[in-house]
2 protein chains.
Amino acid sequence: MRERPKIKDIAERAGVSVATVSRALSDSALVTAETRQRIHDLARELNYRPNVSARNLRTRRTMSVLLVVRDVGNPFYLDILKGVEATAREAGYSVLMGNTENDPARETEYFNMLRYGHADGMVLMTGKLPPSGGRNQLPVVVALEMIEGSGLPHVQVDNIAAARGAVEHLIGLGHRRIAHISGPVPEPMSLHRREGYREAMRNAGLDIPEAYEMRGDFLLESGQECCRSLFTLPEPPTALFVGNDEMAYGAVHELRRMGHDVPGDVSVVGFDDLYLSKAFYPPLTTVSQPRTEIGRTAMAMLLKILSGAEINREEPIVLPTVLNIRGSTAPPASNYCMSP
Amino acid sequence: MRERPKIKDIAERAGVSVATVSRALSDSALVTAETRQRIHDLARELNYRPNVSARNLRTRRTMSVLLVVRDVGNPFYLDILKGVEATAREAGYSVLMGNTENDPARETEYFNMLRYGHADGMVLMTGKLPPSGGRNQLPVVVALEMIEGSGLPHVQVDNIAAARGAVEHLIGLGHRRIAHISGPVPEPMSLHRREGYREAMRNAGLDIPEAYEMRGDFLLESGQECCRSLFTLPEPPTALFVGNDEMAYGAVHELRRMGHDVPGDVSVVGFDDLYLSKAFYPPLTTVSQPRTEIGRTAMAMLLKILSGAEINREEPIVLPTVLNIRGSTAPPASNYCMSP
DNA sequence: CTGAAAGCGCTAACAA
DNA sequence: TTGTTAGCGCTTTCAG
């Protein structure tokens with residue numbers, strides 16, 4: 001037998017044409033059950049494997065999708081990746097990993113991979129977009145990061161409402177001096193979470209001293225640094241609403257280093273509910289996003305687009321968040337407590 | 001212009017043959033600099049994109065590799081993924097994600113993807129292998145998990161020595177009653193770390209009570225459970241060497257719940273140096289594996305195999321580990337301290 | 001229900 | 001240096 005059998009080999013052995021083999025292998029109804037069986041047996045016997053490149057060329061599809069994130073090393077994406085992968089494979093698709101590292105050139109490159117026919121569609125989790133160029137025609141679904149006015153379908157959470165809920169929790173505990181450490185500005189995700197913070201404060205009639213709004217970059221170290229600045233203020237906050245868990249870890253770490261107890265002296269709320277937030281000390285109160293579900297939904301949406309179905313590109317799909325109240329929040333210490 | 005230009009379109013416009021265009025676009029030296037330039041310009045003007053499926057079919061390679069892990073959701077793989085991805089793209093390869101969830105059927109499936117020509121090679125990070133079937137002929141590199149006697153090239157760390165070093169650190173601090181929580185047995189990785197623990201204890205002339213060797217499964221909860229058992233013993237340990245960081249988090253969590261101070265009452269050492277171990281409280285003493293480097297090395301090895309170079313399949317590449325000593329280890333409390 | 005035949009778009013022998 | 005040509009292995013009309 002030749003190195004690797006092809007349809008032709010099976011056809012010869014079975015005494016039928018390649019067309020029949022192709023049909024039989026794809027379980028077409030246009031083949032007698034009997035021949036179909038015979039061909040299947042023969043295929044197994046010869047250890048036949050279809051050549052995907054040939055099939056792709058012919059069918060003009062690759063049965064694979066691109067999943068593009070800004071940093072594969074970020075644990076935040078894990079469950080999303082998991083959701084995308086699971087949904088993709090259920091539909092027979094493979095997932096190609098893309099990593100932009102915030103480099104617009106790379107992002108363009110991944111769009112080009114779509115155009116090259118490298119993949120059939122893309123789930124995009126970055127905040128920026130290449131210069132356009134007919135990209136709205138491409139099968140792309142944006143997850144998480146809201147790209148304003150992109151015209152691309154997206155699935156996300158309501159960051160404003162979630163943030164507002166988190167801050168309301170702090171206010172409900174009796175906190176009045178609540179500071180915020182935001183993610184990188186002007187990314188929509190950061191802005192929205194900050195907006196939620198502002199809304200909650202405004203609704204409660206609370207002032208936000210300018211120095212209470214710190215800008216971080218979503219990384220642990222910036223959580224530490226921002227926290228340090230906040231606690232050199234003459235009137236430091238009694239509670240922190242931090243833009244993501246990673247910075248919240250940094251903040252708690254720093255608070256401990258400065259001798260403050262969490263939540264005894266300072267309460268901290270995060271955002272994301274990372275993998276380890278429940279094992280953190282103290283277990284972190286944080287907004288939980290349905291990450292796996294986001295992945296699944298985004299991929300399902302992409303599958304729908306790929307199947308040719310019409311979808312509503314304007315109205316984003318918004319998934320619900322939950323505030324997980326754990327050990328890092330408590331009422332303010334009595335000496336800090338002031339009634340309005 | 002037609003929907004999507006192909007080489008033929010460029011050829012017609014340029015008044016040359018498709019072969020010349022193909023050569024020009026791949027910057028072959030067999031084309032005049034002048035025509036090459038002209039064709040490049042034309043290609044850009046027409047917004048030409050090569051069709052990868054056609055190319056793949058013709059060249060019999062896909063320029064993509066498979067990266068297979070047992071759980072994409074596990075943060076442990078992040079940096080490895082990053083290393084693999086980086087090295088792959090530097091060489092022009094894409095990375096396809098594979099997720100086995102410890103299901104041997106899936107693992108076979110990924111091997112089949114190689115055989116189908118879905119990808120050119122594979123970096124495998126799971127502990128089990130399908131029934132063989134000429135798999136040793138396939139371009140596969142095993143990272144991390146040692147599959148004994150597989151005949152596949154692999155890159156890894158010396159788990160025995162690393163574990164021994166970690167336990168020696170505890171012994172050096174004065175601990176005598178040191179327990180171990182292992183990963184799933186009989187996986188080589190778990191066995192090796194346990195072996196290192198045993199060696200260190202033996203070398204120091206220390207006994208290992210049977211109950212001091214707990215079996216976990218590398219997950220947080222099992223760290224908690226094993227820890228709970230250990231501290232119902234009449235003579236509980238004063239230090240724990242835990243098979244991975246995740247279980248160590250669980251153990252510390254449980255110790256705190258039971259009212260033990262870490263490291264005041266009990267010291268804990270982990271393995272892996274996960275992303276957040278330094279922000280953990282107390283910052284975790286743990287063995288650090290060069291994860292990104294492991295990914296890079298494995299991918300580099302695979303590239304070498306794909307390029308046709310001969311490599312030594314017998315001798316694994318062993319990368320160095322470092323013991324990161326942080327806040328979770330200290331000398332035993334005086335009332336526990338006993339000289340030999 | 002089955003077969004013949006025409007490509008999908010590209011690369012690489014072989015010729016010139 | 002360039003062109004001609006023959007496929008890579010598969011799917012899918014179109015005829016029978």
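A note on names: the letters A, B, ... follow the listed sequences, proteins ahead of strands, and every chain is numbered from 1. As a basis for the values below, the full set of heavy atoms in this structure was taken, side chains included, without hydrogen atoms, waters or symmetry mates. Not measured: the values here are computed from a predicted model.
- Residue contacts shown for A/Ser26 are absent, as no nucleic acid heavy atom lies under 4.0 Å away.
- Judged by closest nucleotide on DNA chain D, B/Gly15 is the one of B/Gly15 and A/Asn51 placed further toward the 5' end.
- Here the C1' atom of nucleotide D/dG3 and the CD1 atom of B/Ile7 are 14 Å apart, to the nearest Å.
- Here C/dC8 is the nucleotide among C/dC10, C/dC8, D/dT4 with the atom lying nearest to any side-chain atom of A/Leu57.
- Scanning atom types as modelled, no donor and acceptor separated by under 3.5 angstrom connect the side chain of B/Arg58 and the base of D/dG9.
- Note on B/Ser53: nothing from the nucleic acid sits closer than 4.0 angstrom, heavy atoms only.
- Side chain of B/Asp41 to backbone of B/Arg38: no donor-acceptor contact under 3.5 angstrom is found.
- Side-chain N/O atoms of A/Ser26 and A/Ser28 include no donor and acceptor closer than 3.5 Å.
- Proximity note for A/Thr32 (side chain, C-beta onward) versus C/dG3, C/dC1, C/dC10: the nearest is C/dC1.
- The separation between A/Asn56 atom CG and C/dC10 atom P is 14 Å, rounded to whole Å.
- Atom CG in A/Leu30 sits roughly 13 Å away from atom C1' in D/dT11 (whole-Å rounding).
- For the pair A/Tyr116 OH and C/dG9 P, the computed distance is 16 Å after rounding to whole Å.
- Checked against C/dA4, D/dC10, D/dT11, the side chain of A/Pro50 finds its nearest nucleotide in D/dC10.
- Sequence order on DNA chain C of the closest nucleotides to B/Lys8 and A/Thr20 puts A/Thr20 first from the 5' end.
- Contact check for B/Leu144 versus B/Tyr77: side-chain heavy atoms found under the 4.5 Å cut-off.
- A heavy-atom distance below 4.5 Å is found between the side chains of A/Leu124 and A/Glu107.
- In this structure, B/Arg55 places its CZ atom 18 Å from C1' of D/dG7, rounding to the nearest Å.
- The NE2 atom of A/His118 sits 17 Å away from the P atom of C/dG9 (whole-angstrom rounding).
- A/Arg23 comes within contact range of at least one nucleobase, with a heavy-atom separation under 4.0 Å.
- For the residue pair B/Arg61/B/Tyr93, the side-chain donor-acceptor check at 3.5 Å is satisfied.
- Between A/Asp9 atom CG and D/dC8 atom P the separation is 11 Å, expressed in whole Å.
- A straight line from CZ of A/Arg38 to P of C/dC1 spans 15 Å, rounded to a whole angstrom.
- In the set D/dG3, D/dT5, C/dT2, the nucleotide with an atom closest to the side chain of A/Thr35 is C/dT2.
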